Structure formats: structure tokens, C-alpha cells
Number of protein chains: 2
Amino acid sequence: MMVDRDTPASSHPAPNGNTASRKRSVLQEEIQQNRPFKSKGQEATLALFRTADILRRKTSEVFSDSGITHQQYNVLRILRGAGDDGLPTLSIADRMIEQTPGITRLIDRLVAKELVIRERVPNDRRRVQCFISESGLELLASLDEPVDGNDDRVMGMLNEDEKTHLVELLDKIRLGLRELEPK
Amino acid sequence: MMVDRDTPASSHPAPNGNTASRKRSVLQEEIQQNRPFKSKGQEATLALFRTADILRRKTSEVFSDSGITHQQYNVLRILRGAGDDGLPTLSIADRMIEQTPGITRLIDRLVAKELVIRERVPNDRRRVQCFISESGLELLASLDEPVDGNDDRVMGMLNEDEKTHLVELLDKIRLGLRELEPK
DNA sequence: CAAAGATACTTGACTAGTCAAATAATAACC
DNA sequence: GGTTATTATTTGACTAGTCAAGTATCTTTG
């Protein structure tokens with residue numbers, strides 16, 4: 001009834017030339033799986049998802065004491081960068097590292113914490129301009145050092161060349177995905 | 001009032017030797033930012049988050065027609081791999097690519113869709129053993145080809161050596177993070 | 001064997017992500 | 001100058017992630 005594909009006991013040679021007897025990869029150990037990956041592409045995507053997840057979790061520790069989340073921090077950073085002019089709601093979404101359709105509600109929470117100020121634009125009343133508040137600036141200032149330190153710490157196991165190469169590979173993936181059937 | 005750090009107009013030389021006049025990186029273009037990154041470590045973490053986000057979004061397209069999410073798909077894969085023995089709830093969580101504290105409710109939804117079957121273990125009534133159903137197996141079977149194709153397609157812009165190197169770099173990050181103050 | 005501790009979940013109360021539909025204001029066109 | 005289209009944002013209804021606090025059910029230990 002159960003097909004042997006996926007089963008830990010499978011001993012079929014894999015398309016990528018691995019066999020079940022080959023030493024398991026780091027990722028396979030982590031997710032307790034003996035079946036070899038179907039392709040390097042599969043291994044790469046899974047490794048990317050897992051690494052990003054662990055890194056996000058580690059990085060969140062820096063913010064959690066301040067009572068804000070990673071996404072809320074990103075909004076504050078963007079608004080600090082925008083300066084006194086502020087930014088309209090959807091322009092903030094455009095600049096987020098991770099796409100954020102729920103930007104309105106995210107900012108709602110920052111307004112509730114009085115870290116962000118919002119106001120309708122008189123010239124164009126469709127738009128809502130957002131600004132970082134004084135206490136928002138103070139909170140960010142207190143986080144600058146911990147955040148910078150964390151970025152270097154979590155990448156500390158790679159030397160500068162490796163970091164550069166990683167960035168190049170990731171850039172290449174994103175550029176390649178843009179071409180892929182924009183649908 | 002506004003510090004010039006973070007402002008798009010900043011012209012300070014960056015710690016990594018870049019200057020504001022240097023050509024913007026791919027990532028900087030994407031998030032519309034002129035200020036150079038504070039370090040390679042910062043650029044690498046942001047590139048990793050952004051790439052994983054875009055990749056997750058692209059990959060979700062494969063599942064959305066079937067009415068399941070990426071995480072639900074992962075649970076089904078794990079249960080198919082477990083075979084007729086099934087797996088207890090928390091063992092599934094251990095094997096997920098991304099950590100999933102809400103595993104109970106995730107499986108609730110799969111049970112509601114009749115893709116998973118759950119039952120208390122008689123020997124140890126604390127445990128709940130989970131199994132994939134026949135229709136779960138059928139659904140997975142119909143997704144095998146699209147999923148495998150997607151994994152290769154989204155990594156198609158990298159050659160085998162590049163994929164291997166990417167996996168190595170990501171493995172190195174995760175191994176390094178394990179050491180980092182287990183706290 | 002009873003009390004204390006450890007396991008394996010489960011639930012509650014949030015924050016977020018996702019997609020579709022609604023609103024509201026401005027722009028473009030005839 | 002009154003539609004029609006477009007833009008900017010909001011809302012609703014889910015799914016999911018997060019953390020803390022339960023609730024059974026074993027297991028261990030005095």
C-alpha cells in the first residue's frame with residue numbers, strides 16, 4: 001500500500017548519484033531523513049528555507065525585549081531612513097525586505113504603541129503619510145548596536161569572501177526568479 | 001532632529017569601504033535604498049531573508065491550486081515518508097524544515113480535510129499517532145512532478161557547482177549558529 | 001504505592017501573512 | 001463635467017507563528 005519512495009528504508013540510487021549508503025548531508029541529519037534529495041535544486045531550496053527560518057528566529061531575540069517584532073522593526077528602520085518627509089503606507093510595503101500585504105495592520109500596531117504617527121495627505125486624500133515618532137527614534141537608537149552586532153555574529157562563521165559569494169549566489173537566484181514566467 | 005544615518009542622502013563612507021557613490025547592489029535597488037550596508041554580514045542576512053521570502057512565495061503557487069499550504073504539504077510529505085507506522089504529533093514538528101510550534105492546529109486542518117488520520121496510542125495515551133490518508137497520498141502523488149519541477153526551475157539559474165557551494169555556505173551558517181550561545 | 005517530575009500534547013491570546021472585495025479620492029477621457 | 005479607470009488604502013475571513021499556561025498520562029523515586 002505504501003510506496004517505497006520517501007520511506008527511510010529506501011535504497012534506490014538517487015538521480016543525483018547519491019545512494020542511501022552515502023553519508024547523510026547536514027540537512028538530512030537535521031530533519032532526520034535518510035532518503036537522498038531528488039536533486040541539488042531540492043536540497044538548495046530546502047537548505048535556504050531552513051537557514052532563513054533559523055536565522056530569523058535567532059535575530060528575533062534582539063527585538064523581543066523591546067516589545068516589537070522583526071517586521072515592526074523593519075518598518076521603523078524604513079521610516080527613520082525616510083526622514084522628516086515620512087512615507088505613504090504602500091511605499092513602506094515596497095521597501096520591506098519581505099513582502100508584507102498586511103502593512104496597514106502592522107502600522108496600526110506601531111501607531112498604538114506611539115512609535116509611528118499617521119496623517120492623511122491634504123493634496124491627495126487617498127494617501128496616508130507615516131512618520132516615526134520621537135520615542136520610535138529613541139527605541140531604534142537603543143537597538144542599533146545590538147542589531148549590527150547580531151548581523152555580524154550570525155554570519156561570523158563565514159569569512160568576507162564567503163559572505164560576498166553567498167550574496168552573489170542569492171542575488172543570482174532573485175534575478176533569475178524575476179525572469180521566470182512573470183505570470 | 002533627524003540623524004543622517006539611514007537617510008538616502010547620506011554620503012558617509014561605510015565600514016565595508018563602500019561609498020554612497022558606488023554602484024548600488026542588487027538588494028539595494030530592490031528595497032530602494034541608497035545608504036550602503038553597514039557590513040557584509042548585514043547584507044548577507046538581508047539577502048537571505050529576502051531570497052527565502054521570494055522563493056517561498058514562488059513555491060506556494062504549486063500548492064495553492066490543491067488547497068493546501070506549504071507547511072501542510074510538508075506535514076503530508078513527512079507522513080508519507082513515515083509509512084504505515086505513522087508518527088506522533090511532536091515528532092512531525094521535529095522533522096519540519098521550518099520550526100512549527102502550531103503543529104497541533106496545522107494537523108487539525110489536515111484532519112478536517114481528511115488528508116490525515118489521528119488516533120491515540122493505546123500503550124501511551126499521551127501520544128497521538130498521525131497517518132496520511134488514501135486521499136492524502138493521492139494528493140501528494142499529483143503534486144510530486146510539479147514540486148520536483150519547481151525545485152529545479154527556481155534554482156535553474158545556478159549551475160550544479162553553484163548549487164553545491166550555496167548548500168555548503170548555508171550548512172556552515174546553520175552549524176555555526178548551533179554553537180552560538182545556546183542560551 | 002503516593003508524590004514529584006517529565007512527556008506529549010492542547011488551548012488561549014496575540015501578531016502576521018494571504019487573498020479577495022470594498023471604499024474613497026484623484027486622474028483621464030470624451 | 002460626468003462617467004470610467006486608476007491609485008491608495010482598508011477590511012474581512014482565514015491560515016500560521018509565538019509564547020505561556022493548561023491537562024492528561026506516564027515515569028521515577030522515596
Side-chain angles (χ1 to χ4, degrees), chain A residues 49-50 52-61 63-76 86-113 115-116 118-130 183, chain B residues 49-50 52-76 86-94 96-113 115-116 118-130 183:
Chain A
F49 287 140
R50 188 173 177 88
D53 184 56
I54 292 174
L55 208 61
R56 193 165 39 71
R57 216 168 288 286
K58 198 84 200 156
T59 300
S60 296
E61 294 172 7
F63 311 113
S64 51
D65 292 336
S66 315
I68 61 171
T69 66
H70 201 157
Q71 293 297 75
Q72 291 176 0
Y73 172 78
N74 281 331
V75 170
L76 292 178
L87 272 179
T89 307
L90 295 191
S91 301
I92 297 173
D94 286 343
R95 292 167 191 231
M96 295 286 279
I97 299 290
E98 292 162 306
Q99 208 176 296
T100 306
I103 190 72
T104 301
R105 279 176 277 228
L106 218 180
I107 296 177
D108 285 348
R109 289 172 207 116
L110 288 169
V111 171
K113 289 176 191 162
L115 299 171
V116 166
R118 252 186 319 201
E119 57 186 41
R120 287 258 164 213
V121 178
N123 311 347
D124 183 348
R125 294 191 35 74
R126 291 170 302 181
R127 285 198 283 173
V128 177
Q129 202 76 359
C130 304
K183 193 171 191 173
Chain B
F49 287 140
R50 187 172 177 89
D53 184 56
I54 292 175
L55 208 61
R56 193 164 39 71
R57 214 168 290 286
K58 197 85 200 156
T59 300
S60 296
E61 294 172 7
V62 180
F63 311 113
S64 52
D65 293 336
S66 316
I68 62 170
T69 67
H70 201 156
Q71 293 297 75
Q72 291 176 0
Y73 173 78
N74 281 331
V75 169
L76 292 179
L87 272 178
T89 307
L90 294 191
S91 301
I92 297 173
D94 285 343
M96 296 286 279
I97 299 290
E98 292 162 307
Q99 207 176 297
T100 306
I103 190 72
T104 300
R105 278 175 279 226
L106 218 180
I107 296 177
D108 285 348
R109 290 173 206 116
L110 288 169
V111 170
K113 290 176 190 161
L115 300 171
V116 166
R118 252 185 319 202
E119 56 186 41
R120 287 258 164 215
V121 177
N123 310 347
D124 183 348
R125 293 190 35 74
R126 289 169 303 179
R127 284 199 281 173
V128 177
Q129 201 78 358
C130 304
K183 193 170 192 174

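Below, read A as the first sequence line, B as the second, and so on, with proteins coming before strands; counting in each chain starts at 1. From a predicted model like this one, the values you see are computed outputs, not experimental measurements.
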Exercise. With sequence neighbours left out, what residues match A:Thr59 under side chain to side chain donor-acceptor pair (under 3.5 Å)?
Worked result: A:Asn150
Problem set entry | By side chain to side chain donor-acceptor pair (under 3.5 Å) - contacts of B:Gln129 (at least two apart) | none
For this session: Would you mind reading off the distance between B:Glu98 atom CD and D:dA16 atom P, rounded to a whole angstrom?
Result: 12 Å
At a cut-off of 3.5 Å, list every protein nitrogen or oxygen paired with a nitrogen or oxygen from nucleotides 22-24 of chain C, distance to 0.1 Å.
none

Exercise. Distance check: side-chain N/O of A:Gln99 vs OP1/OP2 of C:dG17, anything under 4.0 Å?
Worked result: no
Exercise. How many Å lie between CZ on B:Arg127 and C1' on C:dT7, as a whole number?
Worked result: 10 Å
Exercise. Of all heavy-atom pairs between A:Thr100 and A:Met96, which one has the smallest distance, and what is that distance?
Worked result: OG1-CE, 3.7 Å
For this session: Would you mind reading off the distance between B:Ile54 atom CD1 and C:dT18 atom P, rounded to a whole angstrom?
Result: 12 Å
Problem set entry | Sub-4.0 Å heavy-atom contacts from residues 100-109 of chain A onto DNA chain C, ordered by number | A:Thr100, A:Pro101, A:Gly102, A:Arg105, A:Arg109
Exercise. Atom CZ of B:Arg56 to atom P of D:dG17: distance rounded to whole Å?
Worked result: 9 Å
Exercise. When the distance from CD of B:Gln71 to P of C:dT18 is rounded to whole Å, what number comes out?
Worked result: 12 Å
For this session: To the nearest 0.5 Å, tell me how far B:Gln71 CD sits from B:Ile97 CD1.
Result: 9.5 Å
Problem set entry | B:Arg120 to B:Arg125 - nearest heavy-atom pair and separation | NH1-O, 2.7 Å
Problem set entry | Along DNA chain C (nearest heavy atom to each residue), the more 5'-positioned of B:Val128 and A:Val121 | B:Val128
Problem set entry | Of the listed nucleotides D:dA8, C:dC9, D:dC26, the one nearest the side chain of A:Leu90 | D:dA8
Exercise. Counting only side-chain N and O atoms of B:Gln72, is one of them less than 4.0 Å from OP1 or OP2 of D:dT15?
Worked result: no
Exercise. In whole angstroms, how far is the C1' atom of D:dT18 from the CZ atom of A:Phe63?
Worked result: 16 Å
For this session: Could you list the residues that satisfy side chain to side chain donor-acceptor pair (under 3.5 Å) with A:Arg56, not counting sequence neighbours?
Result: A:Asp53
Problem set entry | Exercise: identify the closest heavy-atom pair between B:Ile68 and B:Phe63 | O-CB, 3.3 Å
Exercise. Where the side chain of A:Thr69 meets the backbone of A:Gln72, is there a donor-acceptor pair that is under 3.5 Å apart?
Worked result: yes
For this session: With B:Val116 as reference, evaluate B:Leu106, B:Ile92, B:Leu76, B:Asp108 under the side-chain contact (heavy atoms from CB on, under 4.5 Å) test and give the passing residue.
Result: B:Leu76
Seminar exercise, completed: side chain to side chain donor-acceptor pair (under 3.5 Å) filter on A:Asp94, not counting sequence neighbours, yields none
For this session: Please state how far atom CZ in B:Phe49 lies from atom P in C:dG17, giving the value in whole angstrom units.
Result: 13 Å
Exercise. Over how many whole Å does the gap from B:Asp124 atom CG to C:dA6 atom P extend?
Worked result: 17 Å
Exercise. Is there a side-chain polar atom (N or O) of B:Thr89 under 4.0 Å from OP1 or OP2 of C:dC9?
Worked result: yes
Exercise. Should A:Thr69 be listed as having a side-chain N or O under 4.0 Å from OP1 or OP2 of C:dA16?
Worked result: yes
Exercise. Just checking A:Asn123: base, sugar-phosphate only, or nothing, at a heavy-atom cut-off of under 4.0 Å?
Worked result: sugar-phosphate
